[in-house]
Protein chains: 2
Amino acid sequence: MSNTTGPKSVTLHDVAREAGVSLITASRALSNPGMVSEKAIARVRQAVEATGYIPNLLAGGLKSKRSLMVAALVPNIAVAQFLPTVKALTDALDAAGYQVILGQTGYDHAREDALLGTMISRRPDGIVVTGLVHSQVSRERLRRAGIPVVETWDLSDRPVDMVVGFSHLKVGSAVAGYFLGKGWRRLGIATGDDHRASVRREGFVSTVGHDVPTVVVPAPSSLALGRRALADLLEKDPRIEAVYCSSDQLAQGVMVEALARGLRIPGDLAICGFGDADFAAHLNPSLTTVHVDGAAIGAMAARLLLERCRGESVPEPVVDVGFRIVERGST
Amino acid sequence: MSNTTGPKSVTLHDVAREAGVSLITASRALSNPGMVSEKAIARVRQAVEATGYIPNLLAGGLKSKRSLMVAALVPNIAVAQFLPTVKALTDALDAAGYQVILGQTGYDHAREDALLGTMISRRPDGIVVTGLVHSQVSRERLRRAGIPVVETWDLSDRPVDMVVGFSHLKVGSAVAGYFLGKGWRRLGIATGDDHRASVRREGFVSTVGHDVPTVVVPAPSSLALGRRALADLLEKDPRIEAVYCSSDQLAQGVMVEALARGLRIPGDLAICGFGDADFAAHLNPSLTTVHVDGAAIGAMAARLLLERCRGESVPEPVVDVGFRIVERGST
DNA sequence: CTGTTAGCGCCTTCAT
DNA sequence: ATGAAGGCGCTAACAG
């Protein structure tokens with residue numbers, strides 16, 4: 001667009017004239033060659049070359065009801081956590097001729113609602129959201145729009161449509177169980193304030209069985225916030241033995257702060273992160289963390305969406321990809 | 001779409017009827033309220049609520065020639081390097097009502113060509129590409145499409161349209177000059193095989209004035225490739241004093257390998273990376289690297305694009321954001 | 001301020 | 001295998 005001055009763009013009409021066939025034959029030659037004679041196809045192809053025609057997918061989509069776009073909503077594209085998911089999703093969809101429109105919610109529910117509205121107005125063939133759709137209004141709008149939706153990075157008994165993820169409650173439980181199994185009793189939590197991190201914290205606390213000193217930091221979490229978090233935690237309990245962090249970024253900050261205070265890891269302080277970021281294995285000591293297969297989530301989301309787009313029914317709309325604790329030097 | 005069974009979706013027509021106004025008044029009430037009476041606006045708003053109307057941007061775009069989409073092509077979304085650019089671009093465009101369609105070229109020129117064709121067929125109001133558009137065919141197609149284009153992360157005297165970036169040749173030169181200034185003469189290079197990395201290498205070598213032992217690794221570069229690269233470099237010259245790496249990921253790998261071999265950094269081996277990744281300052285020793293303001297590139301690209309979309313002329317279509325060497329512990 | 005008319009570029013439906 | 005007509009949902013352009 002924005003064709004301010006240029007000659008009006010070439011349309012299929014021009015191609016058809018150039019090729020000496022009707023508009024619809026030209027259309028079919030390009031998108032449904034099986035229905036057209038070899039000869040016509042060749043002439044249309046040539047006309048495309050000659051005119052420099054580039055189809056207008058907007059126009060096609062208007063009539064055919066297929067935009068070949070999928071909307072992907074993430075909290076923040078700069079948070080490395082969701083990158084493998086976005087990449088796997090994009091790759092798989094691209095291979096099927098779909099493009100991804102990106103939206104960032106900024107961990108903000110109001111913004112998520114607004115963005116979902118904007119996305120729906122683009123009539124994507126599918127929508128992938130990170131986490132569960134929070135607001136009831138949006139859930140209802142999505143259902144009524146009739147667009148396939150995949151919620152990711154979480155689980156739910158009653159998703160808007162489909163869901164691919166894992167249980168954050170179980171993650172929290174598992175880490176707490178792991179700490180307790182190691183004999184650590186004086187525990188601490190450094191956690192982000194987003195919904196999923198909160199649920200992990202809940203699982204952690206409920207398995208521990210009593211309240212745990214906690215520092216909550218605003219999303220997106222970072223190394224710097226982690227350093228501060230440990231300082232604050234040590235004020236609450238100077239003899240903490242093990243800290244669970246809701247992200248590896250936070251965990252790295254906790255680690256840096258601990259080392260700066262001369263604490264030995266894991267001797268004086270054990271640390272467990274979440275996400276298994278690429279740097280986790282290379283910290284010194286290496287970081288114990290919870291590994292989630294983000295790429296698998298993206299690939300599965302793409303698969304479900306594509307099946308649905310092909311009109312196939314998706315028998316199992318709730319997919320649990322699980323998680324595992326990766327034990328390393330920090331514990 | 002994919003509205004398989006549902007009731008046919010609500011259109012502006014339905015809203016107009018419900019509100020008791022004409023179609024175009026409903027349209028204006030929503031997108032151009034200044035032209036419509038308060039009363040009509042109120043009634044249309046109410047009708048929107050009542051019907052659950054969600055506009056169809058595809059249809060609007062077809063007529064108005066504005067898709068409110070911007071295509072962004074990156075080599076690989078999972079490479080952290082370009083994330084700040086994508087984020088800043090997305091944020092700025094979002095604030096103006098534009099969404100970003102994402103495409104990954106995979107450092108592959110053929111794929112880039114194909115993707116550009118796909119993107120053009122979506123009639124975005126702008127296209128942002130990482131690096132310069134390589135193929136002459138694509139350059140020509142972009143020009144003829146009349147879509148504003150911003151090339152980024154590089155500079156050129158004759159961009160397709162606009163360009164925001166910096167000189168990779170100067171980066172290579174600057175790092176070489178920095179090394180020479182430190183008195184290091186036995187140098188090495190570990191570099192990716194993409195175009196921009198190659199140009200930096202070229203600048204480096206030309207400032208050194210003679211050939212330099214080099215290991216080239218395939219994109220995307222990684223820590224593991226960096227370890228291997230140093231091993232290979234030390235085979236070429238066991239007494240190398242300083243290594244320039246085309247990414248901080250590579251540099252981290254070189255550092256890990258050097259430490260594993262008992263080399264002291266920077267005493268036995270100095271290392272300089274590129275990109276100033278978030279972890280660079282937190283390695284031990286911290287990593288000297290070349291800082292580029294990726295967010296500024298994205299923000300400027302958005303600004304140029306939006307100005308062009310508003311029909312304003314862009315007086316300076318070549319913007320150099322520069323770079324700087326950040327000196328840290330590894331040198 | 002409001003409405004009517006005419007498409008945007010393409011694809012679906014029905015005929016040939 | 002090909003074509004003609006109609007319309008997808010919306011908005012410029014012109015009238016009232």
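The chains referred to below are lettered A, B, ... by the order of the sequence lines, with proteins before strands, and numbering in each begins at 1.
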(request) Using only side-chain N and O atoms of S22(A), determine if any of them is under 4.0 Å from OP1 or OP2 of dG3(D). (result) yes
(message) With hydrogens left out and only the distance checked, is there a donor-acceptor pair under 3.5 Å joining R123(A)'s side chain and the base of dG9(D)?
(response) no
(request) Measure the distance from CG on L30(B) to P on dC10(D) and round it to the nearest whole Å. (result) 9 Å
(message) Tell me the interatomic distance from I120(A), atom CD1, to dG9(D), atom P, rounded to whole angstroms.
(response) 16 Å
(message) Can you measure D14(B) atom CG to dG9(D) atom P for me and round it to whole angstrom units?
(response) 9 Å
(request) Measure from CG on L57(B) to P on dC8(D) and round the result to the nearest Å. (result) 18 Å
(request) Using a strict 4.0 Å threshold on nitrogen-to-oxygen distance, state whether E49(B) and R45(B) make a salt bridge. (result) no
(message) Rounded to whole Å, please give me the gap between CZ in R122(A) and C1' in dG9(D).
(response) 15 Å
(message) I'd like to know whether CZ of R310(A) has more than 12 heavy-atom contacts from other residues, nucleotides or ligands below 6.0 angstrom.
(response) yes
(message) Would the distance check show the side chain of R123(A) and the main-chain N or O of P55(B) forming a donor-acceptor pair, the cut-off being under 3.5 Å?
(response) yes
(message) With a strict under 4.0 Å distance from non-hydrogen atoms of chain A, what nucleotide opens and what nucleotide closes the contacted stretch of DNA chain C, reading 5' to 3'?
(response) dG9(C) to dT12(C)
(message) If we ignore hydrogens and angles and just use 3.5 Å, is the side chain of T152(B) paired with the main-chain N or O of V129(B) as donor and acceptor?
(response) yes
(request) Identify, between Y53(B) and R28(B), the residue whose nearest nucleotide on DNA chain D lies closer to the 5' end. (result) Y53(B)
(message) Under 4.0 Å from OP1 or OP2 of dG3(D): is there any side-chain N or O of T25(A) that close?
(response) yes
(request) Ignoring backbone atoms, test whether K65(A) places a side-chain nitrogen or oxygen under 4.0 Å from the OP1 or OP2 oxygen of dG9(D). (result) yes
(message) A quick test of your reading: do over 12 heavy atoms of other residues, nucleotides or ligands sit less than 6.0 Å from CD of E140(B)?
(response) yes
(message) Looking at S64(A), I'd like to know whether one of its side-chain N or O atoms comes within less than 4.0 Å of OP1 or OP2 on dC8(D).
(response) no
(request) Determine whether more than 12 heavy atoms belonging to other residues, nucleotides or ligands lie under 6.0 Å from atom CZ of R303(A). (result) no
(request) Classify the nucleic acid contact of L23(B) as base, sugar-phosphate or nothing, counting any heavy atom under 4.0 Å across all strands shown. (result) base
(message) I need the CG-P distance between N32(A) and dG3(D), as an integer number of Å.
(response) 15 Å
(request) Take the protein atom CD1 of I54(B) and the nucleotide atom C1' of dG9(D), then report the distance between them rounded to whole Å. (result) 15 Å
(request) Assign I24(A) to base, sugar-phosphate, or nothing according to its heavy-atom contacts below 4.0 angstrom with the strands shown. (result) base
(message) Assuming nearest nucleotide by heavy-atom distance, tell me which of E38(B) and A59(A) is located more 5' along DNA chain C.
(response) E38(B)
(request) Answer yes or no: does atom CD of E312(A) have more than 12 heavy-atom neighbours from other residues, nucleotides or ligands under 6.0 Å? (result) yes
(message) Without decimals, in angstroms, what is the distance between L58(A) CG and dT11(D) P?
(response) 14 Å
